[in-house]
Amino acid sequence: MRVDEIINPDPPRLLLLFDAEHEDILQIAGDVLGEPYVCIEAIEDLGSHVDACVIGICNALLLEPGLLREGRRSIITTHCLDVGDQRDEALTEHCDYEYLYTRSPFLQRDLARFLGFVLGQIKPHDDLKGKTRTTLLSTTFPDIRSALPNLDILSVGADSVELRVDLLAEPGQRNLDSRPRVPSLKYVGEQVMVLRQRTELPIIFTIRCTNENGRFPMDDPSLSYHYLRKALQWGCEYLDVELWLPQDVRQRLSQVKGHSKIISAFHDFSGTFKWTSEEAQELFRQGAVYGDVVKMIALITKVEQNYDLETFRSGIQSAYTHPPLSGLNMGPIGQLSRTLNTVFTPITHPLLPIIAAPGQLSAAEINERLHSMSQLPSLELLVMGDVRTTGLATFFEKCLNELSLPHQIVSAGRSSADAISRMISKANFGGAVMCPPLPAVELRESMSMSEAATAIGHVDTIVARSSKGAAATCTADNATWKGIRATLTRDFVPSAYGGRPAILLASEESYAAAAIFALRSLNVETIYTIGFKARSSAASHMQYFSGLDDLKRVTPPFVIVSALPAEKSALVTPLLKYYGRNGSEDPASSSSSTHSAGKVFLDLSNGLKRPDPSRPYDSW
Ligand SMILES: O=C1C[C@@](O)(C(=O)O)C[C@@H](O)[C@@H]1O
């Protein structure tokens, strides 16, 4: 990301509806957005608060829902499902979104994800478009809650999680008879909520129909529309929209899709589908009309049909730059195509109750096959530095094992530019991480440098892109700032930081450089520094604080970041006390982020901290 690639600067304009006794969701939304909110008593008062970013009103006071639209705001109805379900379909019809929540786990984090996405500030599709291969985990549980204990392990190697809504079954309806039953919207909404609370991966909402190996009925397309429209209201990142649905249904969905993306889906089970036919071309063109991704899948009986698909794929790729094609063959013979497909390849996992389609493979199986076909060479991944304390090498080993990746971890005790220069000339060099990072100047001669690494002046990652047989093309990068940004935006949407002051503590500028880059990517206003004077190119956005008097002169910051070393981390305590709000911070833990009333404190120190004698160590 470029530091000048600033998120949508327009402040949000929201109207939030809540159930009686759940007004506190308004305050949590205000915190997440970093904006003040107004609560009104009658919908007619909307016009009196045109400048307010967030306006709330209790559902019980909504006598005329038809007036909701008059405020020209995004309308989000919210329902807490902890006690007494007060969902009201008729009212939700008048809303853009429906946010379903429970108080635990992590309500603020969940709301930040939801609002960040529906406001267009978090764009998972943009991230996935940049990857060379993407996958979707096809979950097949009747109740997604059964997946939760294993969800982390199930989703290793997955870029998205597909909720097969047609395979869901409400407890009372299971095994009554073999007739397909559509799970109720109440049940499905809850399932989406539970899944979203437990995974950071984007959710694909799929109602696979009976003709295409699913259970969703086909006799009433308006029912399909209704379910898919609800998925948009629930903030699902992707909708699987089958191509057989009437054109007006697909068109209407695309008109109301907001920031969600549509995967146009076509399955052929006849066994006679021809990838070489004009029909196949036409199906792609039709899917491309409303699809951000076009998925075409056929059951095959002859191995040649895989070769035909590859010819089709490369023809489509050279004729159209958009949308990407996810093309697969089903059945055991089609597994070759599941290996070669690179866009949203469906994957299964041994811990899933059933496979979602004939011939589906796990991520590990796909990697093994790619390796045996010489499409995935064994690489050496260099981990430099104190790998035992950081646990990095062990973590990488576990991921490699879980995904059956053929790579080797090579550990080196110390980060050194010489060792890197030796490694990068090898044809099997797969990249490196170093902890602590190396000064960028030491690597500038040997490889290209990302904008972040140049600005921060430190390299902690080397990205290697291999080009068959030859030595890989390497780019020196800095990933630390991404981690800082991700932590800062876990409980707050990115725009919450925009135009707000920040305080940054460090004993020298170089230790704070990644945090400066992250804060600037969030468009913070001035960064006040304590402990160092900025001299880098970012200095024009920074001001040095020499004492308490300086603090008194400026608006309280939205965020304080401490890049002090662990043994000095207690030095931040007086500052936190000065801004003296409630909150708690465990000085013995490693990096942590706490917040109170919309303010954030991020401690980047690593390792055991010296406790402050004046405990309790209260954050602000
Ligand atoms: O469309 C697809 C692909 C799929 O049918 C497969 O063949 O793996 C599995 C489905 O769950 C998914 O929606």
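For ligands, and for the atoms within them, numbers begin at 1 and follow the listed sequence. In this chain, numbering begins with 1 at the start of the sequence shown.
- Distance from atom 5 (O) of ligand 1 to its nearest protein heavy atom, with residue and atom name: H267 NE2, 3.0 Å.
- Note: F117 and H259 have perpendicular aromatic rings, judged against thresholds of 30 and 60 degrees for the angle between ring planes.
- Within the 4.0 Å heavy-atom criterion, the part of M330 lying near ligand 1 is the side chain and not the backbone.
- Looking at ligand 1, you'll find an N or O of Q360 within less than 3.5 Å of one of its N or O atoms.
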CA sep, side-chain torsions, deciding dist, call: D159, T134, side-chain hydrogen bond (donor to acceptor under 3.5 Å, both in side chains):
CA-CA 6 Å; D159 296 295; T134 47; 5.1 Å; no
Do Y99 and Y101 pass the ring pair (Phe, Tyr, Trp, His ring centres under 6.0 Å) test, and can you show the C-alpha distance, the side-chain angles, and the key distance before you say yes or no?
CA-CA 6 Å; Y99 177 65; Y101 67 97; 5.5 Å; yes
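- For atom 8 (O) of ligand 1, the nearest non-hydrogen atom of the protein is R338 NH1, 2.8 Å.
- Using a 4.0 angstrom heavy-atom cutoff, L328 does not count as in contact with ligand 1.
- Closest to atom 6 (C) of ligand 1 among all protein heavy atoms lies A357 CB, 3.2 Å.
- Interface of R208 with ligand 1, defined as ligand atoms under 4.0 Å from a residue heavy atom, comprises 1 (O), 2 (C), 12 (C), 13 (O).
- Of all the heavy atoms of I204, none lies under 4.0 Å from any atom of ligand 1, so neither backbone nor side chain is involved.
- If you number the atoms of ligand 1 from 1 as listed, the ones under 4.0 Å from a heavy atom of P346 come out as 3 (C), 6 (C), 8 (O).
- At distances below 3.5 Å, not a single donor-acceptor pair connects side-chain atoms of D240 with backbone N or O atoms of T206.
- The side-chain heavy atoms of P377 and N428, taken from C-beta on, include no pair separated by under 4.5 Å.
- Nearest to atom 13 (O) of ligand 1 among the protein's heavy atoms is E162 OE2, 2.4 Å.
- Inter-residue side-chain proximity for R485 and L522 is flagged as met; some heavy-atom pair is nearer than 4.5 Å.
- Side-chain contact between K186 and D85 is present, with at least one heavy-atom pair separated by less than 4.5 Å.
- S74 and D96 get closest at one heavy-atom pair: CA-OD2, 3.4 Å.
- Comparing heavy-atom distances from atom 3 (C) of ligand 1 across T139, L136, I297 singles out I297 as nearest.
- Between K295 and ligand 1, at least one pair of N/O atoms sits closer than 3.5 Å.
- Counting atoms of ligand 1 from 1 in the listed order, those under 4.0 Å from a heavy atom of A356 are 9 (C), 11 (O).
- Side-chain contact of S270 with D268: a donor-acceptor pair under 3.5 Å is present, judged by distance alone.
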